[in-house]
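Some notes on the structure that comes next.
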Amino acid sequence: MGENNGKSGCFSVTIVVCIFLIVGLDVIAGLVAIQAEVAQEEVKHMKVWLLECKAPSQKAFVLGIIALACLAAAHIFAVMIGCSLSNIFKVLAVPKMCAYINIACLSLTW
């Protein structure tokens with residue numbers, strides 16, 4: 001009996017850590033995106049004939065790619081966790097819990 005409780009606790013801690021990782025990656029992506037916007041605002045305006053536009057900023061582009069990578073990683077983690085947990089609860093024959101986990105992981109990806 002004691003061994004089962006230890007495995008359940010480890011499983012719960014793993015899920016909580018993964019959820020914090022997903023939320024953390026989303027927050028980091030948001031902060032990096034804000035820095036990219038600030039970097040783009042620092043670029044001078046160019047006036048070409050009748051059009052006025054901003055020159056592209058290399059720093060803003062790189063920060064945008066970093067934000068994109070963080071968001072992609074968070075989405076991949078959420079889908080992997082959802083599929084893994086869904087399969088585990090299907091094996092344990094708990095279909096209602098499986099549906100709740102699928103909805104929770106879907107909401108984490110959005």
Side-chain angles (χ1 to χ4, degrees):
M1 255 346 213
E3 289 181 32
N4 191 14
N5 290 337
K7 289 180 183 177
S8 175
C10 182
F11 184 70
S12 299
V13 169
T14 303
I15 291 173
V16 169
V17 168
C18 289
I19 289 173
F20 278 125
L21 180 67
I22 291 167
V23 172
L25 283 171
D26 282 338
V27 169
I28 289 170
L31 294 174
V32 171
I34 290 170
Q35 289 178 350
E37 187 175 353
V38 168
Q40 182 61 36
E41 290 296 323
E42 292 174 354
V43 176
K44 294 181 181 180
H45 286 283
M46 293 175 38
K47 191 167 185 178
V48 179
W49 199 51
L50 296 175
L51 301 174
E52 188 174 330
C53 60
K54 291 184 179 181
S57 168
Q58 181 69 25
K59 181 180 177 184
F61 179 76
V62 170
L63 289 171
I65 295 296
I66 292 171
L68 175 70
C70 288
L71 284 176
H75 286 276
I76 289 171
F77 283 137
V79 170
M80 285 175 35
I81 291 168
C83 291
S84 299
L85 291 177
S86 176
N87 290 337
I88 287 170
F89 283 108
K90 280 182 186 175
V91 168
L92 296 175
V94 186
K96 192 165 189 161
M97 183 61 89
C98 180
Y100 289 143
I101 289 175
N102 286 338
I103 291 171
C105 290
L106 180 63
S107 66
L108 277 175
T109 60
W110 285 99

Check: Apart from Val32 itself, what residues make up its hydrophobic cluster when side-chain heavy atoms of I, L, V, M, F, W and Y under 4.5 Å apart count as a link, directly or indirectly?
Finding: Ile28, Val62, Leu63, Ile66
Notebook entry, point to check: Listed by chain and number, what are the side chain to side chain contact (heavy atoms under 4.5 Å, CB included) partners of Ile65, not counting sequence neighbours?
Noted result: Phe61
Note to self: Looking at every heavy atom in both Ser57 and Ala39, which two are closest together, and how far apart are they?
What the structure shows: OG-O, 3.9 Å
Notebook entry, point to check: Is there a path of hydrophobic side-chain contacts, each under 4.5 Å between heavy atoms of I, L, V, M, F, W or Y residues, that connects Ile22 with Leu71?
Noted result: no
Checklist line | Reported CG-to-CG distance for the pair Leu21 and Asp26, which is rounded to 0.5 angstrom | finding: 10.0 Å
Checklist line | Closest non-hydrogen atom pair between Ala36 and Ala60, with its separation | finding: O-CB, 3.4 Å
Notebook entry, point to check: With sequence neighbours excluded, what pairs up with Glu41 under the side chain to side chain donor-acceptor pair (under 3.5 Å) test?
Noted result: Lys54
Margin query: I need the minimum non-hydrogen distance between Ala67 and Ala33, along with the two atoms involved.
Written below: CB-N, 4.1 Å
